[in-house]
Amino acid sequence: MIPADVLHRVAAWSRTLEPRAFERARAGVQERTYPAGSEICAHGQPFDYWGGVIEGLIKLRTLSADGKEVTLAGVHAGGWFGEGSVLKGEPRRYQVVALRETRLALLDRASFLWLMEHSTAFNRFLVHQLNDRLGFFMAMVEHDRMLDTTGRVAQALAALLNPVLYPDVNHRLTITQEEVGQLAGVSRPIANRALKALDAAGILRVEYGEIDVLDPDRLRSYGHLS
DNA sequence: ACATTAAATTCGA
DNA sequence: TCGAATTTAATGT
C-alpha cells in the first residue's frame, strides 16, 4: 500500500479528507511506473483508474476527424486526470502517453465511487477540478485557432501553472523544449523560437531543462485581444 | 540537420 | 571520494 505521506504529497485532495476517507483512498491506490514514450492507456480501451502524476509528464491526446493528432492536455506532478471516464464507467475517449518516464498513482474505480458516496471533502475537490477543467477547455477552444505559435506555447505553459489543477507547482517548470513542443503541438525549433520571444518579452526565463516563469498573468493572456 | 553547450556518468587515482 | 575525461541530453540556429 502506498505510504500515507506519499499520497499526502502527491494528492492535494487527500489532505482535506476525513481520516476514514483518507484510509479508504490509501487502500485503493497503487503505484506504477511507465517508461518514456510508452502508452499508458489506448484510445477506446477501458482503464478503470483515476490517475495522478507522482513524477514525470504525460499528455492526453486524441485524433481529430481529419486524422490529425490533437493534444488535449498535459499533466505533470500533482495533477489528476480521467475522472470523466471513471465516473461514467466508459472507455477512454483519448490516448494517454508518457512524454518522459513517469510514476503514476492509480485509484481504482470502486474506491473513487466510494469516496464520492461518503466524503464531502472529496466531492468539493471534484467540483473544483471539473470546473477548472471546463475553464481550461473553454480557453483552448477560444484560442486554438486564433493564436500564433508563440501564443499556443504560452497557453500550453500557462496550463501547467493552473493552481487548482496543480496545487503545489511553483513558477519553476522542469520541462525540456522538446516536451514544450509536444504539448503545444509544434516542433522543437518552433518551441525554441517561441520561448526566446517570451523570454525577450520578460515573461519568463529560458534555462537548461527548465523554464522560470516570471509573470504568469502575462503568460496566460499572451496574444489575447484586450 | 548540424554545431554548441550543459549535465550526467564513468574512470583512475 | 575527488576531479578529469567521456558520453548523453538539451539547446540554438
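Chain letters run A, B, ... following the sequence lines, proteins first and then strands; every chain starts at 1.
- Aromatic pair A:His76/A:Tyr166: centroids less than 6.0 angstrom apart.
- Ionic pairing of A:Arg205 and A:Glu210 is not present here: no N-O contact between side-chain nitrogen and carboxylate oxygen is shorter than 4.0 angstrom.
- Here the C1' atom of nucleotide C:dG12 and the CD1 atom of A:Ile190 are 13 Å apart, to the nearest Å.
- We find that CD1 of A:Ile175 is positioned 18 Å from P of C:dA9, with the value rounded to whole Å.
- For the contact set between residues 206-216 of chain A and DNA chain C, defined by any heavy atom under 4.0 Å, the members are A:Glu207, A:Tyr208, A:Gly209.
- The CD-P distance, from A:Glu179 to C:dA10, rounds to 7 Å in whole Å.
- In this structure, A:Trp13 and A:Trp50 have tilted ring planes: the angle between them lies in the 30° to 60° band.
- Residue A:Leu198 contributes atom CG, which lies 16 Å from atom C1' of C:dG12 at whole-angstrom precision.
- No hydrogens or angles considered: nothing links the side chains of A:Thr120 and A:Asn123 as a donor-acceptor pair under 3.5 Å.
- At the heavy-atom level, A:Arg188 lies under 4.0 Å from base atoms of the strands shown.
- Residue A:Asn192 has a polar side-chain atom (N or O) positioned under 4.0 Å from OP1 or OP2 of C:dG12.
- B:dA8 atom C1' lies 16 Å from atom CZ of A:Arg100, rounded to whole Å.
- When only modelled atom types and interatomic distance are considered, A:Gln155 and A:Tyr222 share no side-chain donor-acceptor pair under 3.5 Å.
- Checked for salt-bridge contact, A:Glu83 and A:Arg133 meet the test: a charged N lies under 4.0 Å from a carboxylate O.
- Phosphate contact (OP1/OP2 of C:dT11, side-chain N/O of A:Lys196, threshold under 4.0 Å): absent.
- Taking atom CD of residue A:Gln177 and atom P of nucleotide B:dA7, one finds them 13 Å apart after rounding to whole Å.
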